[in-house]
Amino acid sequence: ETVKKQSIMIKICIISSVHPPFDVRIFHKEAETLVKAGYEVLLIAQHDKAELVDGVRIINLKTPGNRMARMTKTVWSAFRKALKTNAALYHIHDPELMPIGFLLKFLGKEVIYDMHENLPKQIRNKEWINPKLRYLVSKIVCFAERAFLHNIPIIFAEISYHKDYLWVKNYETILNLPVLSHLAYVDNGAIEKNKFAIGYIGAVSNARGSMETLEALKILSMRGFLPSFECVGPMTASHEEELLNKCREYQLTNVKLYGYLPADKGWPVIQRCSVGLALLHPISNYYESYPTKIFEYMAMGIPVIASNFPLYRSIIEAHNCGICVDPLDPHAIADALCRLMDNPSEAKALGANGRAAVEEIYNWDVESAKLLDFYTKLLAQSSN
């Protein structure tokens, strides 16, 4: 084995009040990596029962009725359950858990905060926050982060985050790259126009290009092409209705909105597709953060059509694994899709290039080693 097993089982408690228990980053990457390294791993998350899955002991939290209940009752329940574990290290994942991270640290516990997003920047585009209040809320969050995360080691999920958190001295950047064994390479062979399928996986919203995608499909239908669109990911009820209304208006009959699917159900849907979309709008974190979906498409061996941000282009153009377009231009998106439909051999080559790049560079093996090294360093410091 490449990872040295722990001679004594060291107990790790991972906590999330927001994410599902089998979240890809939390469970399938971080928790499973720690189990394989010989740690005893407990995961506190919303679930219908306590159970042991793949060596991870899940301690279930009741599903809250609304966001406010989650941010109060669920968080307090998570704190009480976490204390009972008496773990050597507590790994927390959500902004609303920062106060309990602070309390655990105050009580002498070793704590890591896993920063999935640059929250102050994200807040400026959160649809559920009144636009007039977003700047103020963003500033309040900046203050809260510095107060609650003082002296707590941080894992950044993106390389771009640290420049906005220069006050953080103890950190590691661990990218959300694919586990190759999870994502089967699919050799699509010749992609026939009448079987051409467009895939998307991830949260579904206007800011992630959902409306531009439908507009591009309308343009394709006017050109005589009728590809299917397989859309996997959570969305608000209002946005789903908006998309369905637009499909009816544009007479798009080949659009399937799956909603949220667990990873092992969502990935096979995308693996059957001819191309993957990552058409995020040029706002906040999107512009300078890697979308995990790009690397997942590459790992599956399907070409990528992505936003023409410098960061995205540095991957896609460098490895010749897709096409970058203006995400706000449905005609440019439609042209890119037409190019791949008209040139199946090129589409196949782009997909193969992406898979090769993931096998060589952009995979979880590299990130898991960084995670384990960070844990080793922190645990050694706490034992001194």
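Just so it is clear, the structure is predicted and the values come from calculations on it, not from any experiment.
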Can you tell me if Lys163 has over 12 outside heavy atoms packed within less than 6.0 Å of its NZ?
yes
Do you know which two heavy atoms are closest between Leu337 and Ile305, and how far apart they sit?
CD2-CD1, 3.5 Å
Between Tyr200 and Tyr297 the two heavy atoms that sit nearest each other are CA-OH, 3.3 Å
Donor-acceptor contact present, side-chain Glu296 to main-chain Pro178, <3.5 Å:
no
Please check if the number of heavy atoms outside Lys256 that lie under 6.0 Å from its NZ is greater than 12.
no
Contacts of Arg313 that satisfy side chain to side chain contact (heavy atoms under 4.5 Å, CB included) - sequence neighbours left out:
Asn308, Glu317, Cys324
Listed partners of Ser205 passing side-chain hydrogen bond (donor to acceptor under 3.5 Å, both in side chains), at least two apart:
Arg208
Results of side chain to side chain contact (heavy atoms under 4.5 Å, CB included) for Asn176 - residues two or more places apart only
Arg25, Lys29, Thr292
Per the side chain to side chain donor-acceptor pair (under 3.5 Å) rule, what does the pair list look like for residues 64-78, sequence neighbours excluded?
Arg70-Glu96
Ring-plane angle category for Tyr290 and Phe295, please: parallel below 30°, perpendicular beyond 60°, tilted otherwise.
perpendicular
Using the salt bridge (charged side-chain N to carboxylate O under 4.0 Å, His left out) criterion, which residues pair with Lys246? Sequence neighbours excluded.
Glu249
Does Asn60 have any side chain to side chain contact (heavy atoms under 4.5 Å, CB included) partners at least two apart in sequence or in another chain, and if so, which?
His47, Ala50
For a 4.5 angstrom cut-off between non-hydrogen side-chain atoms, does Trp167 reach Leu149?
yes
Counting only heavy atoms not in Lys370 (residues, nucleotides, ligands), do more than 12 fall under 6.0 Å from its NZ?
yes
Where is the tightest heavy-atom contact between Glu117 and Tyr161, given as atom of each residue plus distance?
CA-OH, 3.1 Å
Where at least one partner belongs to residues 305-326, residue pairs that pass ring pair (Phe, Tyr, Trp, His ring centres under 6.0 Å), sequence neighbours excluded:
Tyr287-Phe309, Phe309-Tyr312, His319-Tyr362
What about the rings of Phe225 and Phe196, do their centers lie closer together than 6.0 Å?
no
Quick one: list whatever passes side chain to side chain contact (heavy atoms under 4.5 Å, CB included) with Asn151, sequence neighbours left out.
none
Co-membership, hydrophobic cluster, residues Leu217 and Leu280, 4.5 Å side-chain:
yes
Non-neighbouring partners of Asp326 that pass salt bridge (charged side-chain N to carboxylate O under 4.0 Å, His left out), sequence neighbours left out
none
Pair listing, salt bridge (Lys or Arg N to Asp or Glu O under 4.0 Å) test, anchored in residues 221-243, at least two apart:
Arg223-Asp335, Glu241-Arg248
Quick one: name the residues clustered hydrophobically with Leu136, using the 4.5 Å side-chain heavy-atom rule over I, L, V, M, F, W, Y, and just say none if it's on its own.
Ile140
Looking only at atom types and distance, does a side-chain atom of Ser138 sit under 3.5 Å from a main-chain N or O of Arg134, one as donor and one as acceptor?
no
Kindly say whether Val168 contributes a backbone atom to a donor-acceptor pair with the side chain of His162 at under 3.5 angstrom?
yes
How close do Leu378 and Pro153 get, counting heavy atoms only, and between which atoms?
CD2-CG, 3.6 Å
Among pairs that include at least one residue of residues 230-277, which meet ring pair (Phe, Tyr, Trp, His ring centres under 6.0 Å), considering only residues two or more places apart or in two chains?
His182-Trp267
Between His91 and Tyr375, how do the two ring planes meet: parallel, tilted or perpendicular, split at 30° and 60°?
tilted
